[in-house]
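Below is one structure, written out as structure tokens; the observations come after it.
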There are 2 protein chains.
Amino acid sequence: MNNQQDGGPLTLRDVAAAAGVSLATADRVVNGRPGVSEKTASKVNEAVQRLGFRPLAAAAELARARSWRFGVVLPRGSNRFMLDIADHIRAQADWFRARRIAVEIIETDVFDADRLAAELAGLPGRFDGVAVVALDHPRIRVAIDDLVDAGVAVVTLVSDSPSSRRRHYVGIDNIAAGRTAGSLVGRFLGRPRGDDPGGSIGIVTGSGSLRDHAERRFGFGQVMTEEYPHLTRLVPVEGRDDPERNRALVRRMIADTPDLVAIYNTGEGSVGIGEALAEAGLARRILCVGHELTPATRRMLLDGTFAALVAQDPGHEVRSMARVLHALVSGQEIIAAQEHIRVEVILRDNLP
Amino acid sequence: MNNQQDGGPLTLRDVAAAAGVSLATADRVVNGRPGVSEKTASKVNEAVQRLGFRPLAAAAELARARSWRFGVVLPRGSNRFMLDIADHIRAQADWFRARRIAVEIIETDVFDADRLAAELAGLPGRFDGVAVVALDHPRIRVAIDDLVDAGVAVVTLVSDSPSSRRRHYVGIDNIAAGRTAGSLVGRFLGRPRGDDPGGSIGIVTGSGSLRDHAERRFGFGQVMTEEYPHLTRLVPVEGRDDPERNRALVRRMIADTPDLVAIYNTGEGSVGIGEALAEAGLARRILCVGHELTPATRRMLLDGTFAALVAQDPGHEVRSMARVLHALVSGQEIIAAQEHIRVEVILRDNLP
DNA sequence: CTGTTAGCGCCTTCAC
DNA sequence: GTGAAGGCGCTAACAG
């Protein structure tokens with residue numbers, strides 16, 4: 001790491017001197033601004049290379065003296081996970097302030113494409129950067145592309161709109177998340193032995209049309225088909241992430257499925273599943289795997305109702321969103337490796 | 001988040017004006033420096049509260065114009081995981097440079113307490129902050145405390161010395177990591193059914209005296225005893241994290257243990273275990289759980305030799321170390337929640 | 001196309 | 001105990 005012959009830290013001024021140009025010219029080259037001849041530019045670049053110059057971020061930030069407005073579009077009301085996202089944004093207030101970033105959380109009906117599209121249409125001019133919990137819907141794609149065309153830096157958050165021209169997606173690979181859930185269920189149930197008939201697996205999902213849930217079901221199904229063909233998957237039931245609905249659905253599932261051995265919930269509202277099982281005296285006897293760490297799922301992990309959770313860290317996601325938007329608006333590079341959001345597996349024993 | 005009535009961003013100058021003092025005095029109060037009377041201080045503090053002032057990090061950093069020297073003491077030669085740590089430190093070079101931090105990696109024989117203690121004794125004066133992969137040994141405790149007394153900010157990395165006065169430990173809870181491994185092994189093997197005799201579990205460990213490995217064995221044993229008493233744990237064998245030794249040990253283990261059903265490796269060198277199993281035609285038939293994601297363990301996860309890994313993210317650890325040391329030397333607060341290093345579970349399906 | 005110059009917001013001598 | 005003034009390294013007007 002001893003990569004600089006310390007004769008006092010290297011500044012742009014040193015580079016300018018070494019290249020025989022003025023500070024301003026060196027600055028133009030380093031920041032890729034126009035108005036410099038080919039040869040002067042290469043002289044400066046050569047000096048940058050030779051001296052190993054890197055601009056001091058703090059000084060650049062101070063001198064730029066620009067402030068930014070970011071908007072974060074989240075589903076209104078909503079579930080614990082989204083509330084956590086909002087809380088983490090507020091918890092980052094100092095980070096934002098220290099970078100002259102004003103953040104506004106905009107709550108809207110994300111599940112209604114028209115409403116969401118209309119909301120997005122009103123954003124240019126109000127914000128320099130926008131993070132949105134998106135829908136994979138043609139109207140949303142257009143709305144996002146319009147935002148991008150209006151010069152707004154756009155990233156999707158948690159739920160992607162991959163066909164849009166958003167600059168970045170902050171969230172997990174939901175197919176991988178579903179596969180992970182599938183492997184956990186399959187392995188936890190164990191290999192069939194002797195005359196073991198396998199059994200049925202119930203699938204509770206939020207809605208058939210949400211991309212993230214669909215991807216999870218898809219990944220789950222992949223693993224089940226490939227690796228655990230002796231297990232039967234029931235037709236997914238839709239509880240719209242609502243504990244009450246989930247409870248009713250699971251009650252019926254229990255009644256209708258004598259060989260039920262496991263339940264996979266692709267979304268929120270896991271607590272309803274736990275309640276239905278407890279009522280039937282089946283808690284801990286039927287294997288449950290769900291998503292996201294919340295007070296409710298934490299409790300059910302600790303009491304054994306749920307065996308494992310597949311999760312994404314909302315804190316990481318918010319910090320990543322902040323870094324990425326800031327990098328995008330201020331023209332810095334984003335370090336992909338650092339911004340990868342992991343699919344986490346949480347058992348009772350590695351609860352954070 | 002609309003917490004500032006924007007009339008242009010708030011600066012220390014505004015606070016000084018509001019409190020009726022000079023910039024310098026306001027600065028002294030805000031940074032808790034001496035030489036201000038009680039009443040002036042409270043006037044300033046009141047203004048800070050009322051206006052909701054937060055200093056702009058970039059300006060502070062620039063004005064401080066101080067540079068720091070950090071040293072990171074790592075085990076010499078060493079395994080893939082430690083090499084990854086070193087690589088991540090080099091990959092953070094820009095981050096460090098942008099904060100005027102010069103980092104030096106110091107390789108030493110961490111496993112020899114005297115050698116390590118001597119190395120640490122030579123550090124004061126050379127560094128403002130030191131991160132060390134420590135040993136839980138009285139001599140190391142003293143060496144760390146001496147460093148702290150010499151005014152050096154010290155954090156332990158990956159392996160702790162909890163009785164020392166190090167300011168922070170950057171690493172995972174190894175008991176939790178061992179428990180997690182235990183739950184994975186227990187659940188993957190499945191509940192005993194009918195006349196199922198359970199089986200034996202081999203334990204491969206680095207050395208009996210390393211604290212992290214001992215803690216992992218302890219956590220693993222806790223879960224086994226509590227939850228899976230039908231499984232027999234063999235006496236741990238010590239392979240010093242060396243693939244060759246591990247291979248020989250596992251060969252013998254296979255020969256001596258007809259009912260071997262699983263192997264848990266608390267440390268490195270998992271590849272030797274995989275090789276021994278492959279030779280015996282037992283790969284994928286004996287359940288393996290190990291630690292840390294490396295090219296070798298990744299391969300064995302993909303081919304099914306290992307069912308799961310319990311891991312810590314070296315990238316997170318290096319970034320956390322950097323943030324914490326920087327915060328310590330520059331007198332900033334550290335956000336505990338953000339610095340918690342997670343015990344990760346990696347399956348084939350959620351490989352990053 | 002290139003150079004000069006005045007700050008960005010805070011910290012740190014140095015006087016008072 | 002308090003204040004005035006210069007500068008940290010870079011950027012962005014403005015001249016030339």
Side-chain angles (χ1 to χ4, degrees), chain A residues 4 7-45 47-48 51-68 94 97-101 329-332, chain B residues 4 7-45 47-48 51-68 94 97-101 329-332:
Chain A
Q4 64 190 105
L10 208 53
T11 76
L12 227 208
R13 182 168 257 111
D14 300 322
V15 173
V21 300
S22 79
L23 230 185
T25 300
D27 176 75
R28 288 183 186 109
V29 175
V30 167
N31 291 288
R33 275 185 279 271
V36 182
S37 73
E38 284 283 324
K39 51 179 98 166
T40 4
S42 60
K43 273 196 304 184
V44 174
N45 282 322
V48 167
L51 304 181
F53 170 77
R54 301 282 324 185
L56 188 68
E61 216 159 271
L62 179 59
R64 247 184 281 266
R66 257 211 75 167
S67 60
W68 309 104
D94 277 6
R97 293 222 41 198
R99 285 161 187 73
R100 292 198 188 83
I101 297 169
V329 296
S330 60
Q332 300 171 53
Chain B
Q4 63 190 106
L10 206 54
T11 74
L12 228 207
R13 183 168 256 111
D14 300 322
V15 173
V21 300
S22 79
L23 230 179
T25 300
D27 175 78
R28 288 192 259 262
V29 175
V30 166
N31 292 288
R33 277 184 279 271
V36 183
S37 73
E38 284 283 323
K39 51 179 99 168
T40 353
S42 60
K43 274 197 303 185
V44 174
N45 281 322
V48 167
L51 304 182
F53 170 77
R54 300 282 325 185
L56 187 69
E61 216 160 87
L62 178 59
R64 246 184 281 266
R66 251 210 82 163
S67 60
W68 308 103
D94 277 6
R97 294 222 38 198
R99 284 160 187 73
R100 292 197 188 81
I101 297 169
V329 296
S330 61
Q332 300 171 54

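Here is how names work: the chains are called A, B, and so on, in the same order as the sequence lines, proteins then strands, and each is numbered from 1. Note that the structure is a prediction, hence the values are computed from the model and not measured.
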Near-strand residues of residues 34-41 of chain A, defined as heavy-atom separation under 4.0 angstrom from DNA chain C: A:G35, A:V36, A:S37, A:T40
Where at least one partner belongs to residues 51-62 of chain A, residue pairs that pass side-chain hydrogen bond (donor to acceptor under 3.5 Å, both in side chains), sequence neighbours excluded: A:R54-B:D94
Test side-chain contact (heavy atoms from CB on, under 4.5 Å) applied to B:S42 - qualifying residues, sequence neighbours left out: none
Net bend of the helix from C:dC1-D:dG16 to C:dC16-D:dG1, end axes of five pairs each, nearest 10 degrees: 40°
Nucleotide interval of DNA chain C bounded by contacts with chain B (heavy-atom cut-off, under 4.0 Å): C:dG9 to C:dT12
Side-chain N or O of A:N31 closer than 4.0 Å to phosphate OP1/OP2 of D:dC10: no
Partners meeting salt bridge (Lys or Arg N to Asp or Glu O under 4.0 Å) with A:R64 (sequence neighbours left out): none
Non-neighbouring partners of B:V30 that pass side-chain contact (heavy atoms from CB on, under 4.5 Å), sequence neighbours left out: B:L12, B:V48, B:F53
Residues that B:R33 engages under salt bridge (Lys or Arg N to Asp or Glu O under 4.0 Å), provided they are two or more places apart: B:D27
Listed partners of A:L56 passing side-chain contact (heavy atoms from CB on, under 4.5 Å), at least two apart: A:A59, B:L62, B:R100
A:L62 CG - D:dG9 P separation (whole Å): 12 Å
For A:S37, side-chain hydrogen bond (donor to acceptor under 3.5 Å, both in side chains) partners two or more places apart: A:T40
Which donor-acceptor pairs under 3.5 Å do the side chains of residues 15-23 of chain A make with protein atoms, sequence neighbours left out?
from, atom 1, to, atom 2, distance (Å)
A:S22, OG, A:A24, N, 3.4
A:S22, OG, A:T25, N, 3.3
A:S22, OG, A:T25, OG1, 3.4

Nucleotide D:dC10, atom P - distance to CG of A:D14 in whole Å: 9 Å
For DNA chain C, the residues among residues 16-30 of chain B that have a non-hydrogen atom under 4.0 Å from it: B:A24, B:D27
Touch class at under 4.0 angstrom, heavy-atom based, for A:L56 against every strand present: sugar-phosphate
N/O (side chain, A:R33) to phosphate O (OP1/OP2, D:dA12) under 4.0 Å: yes
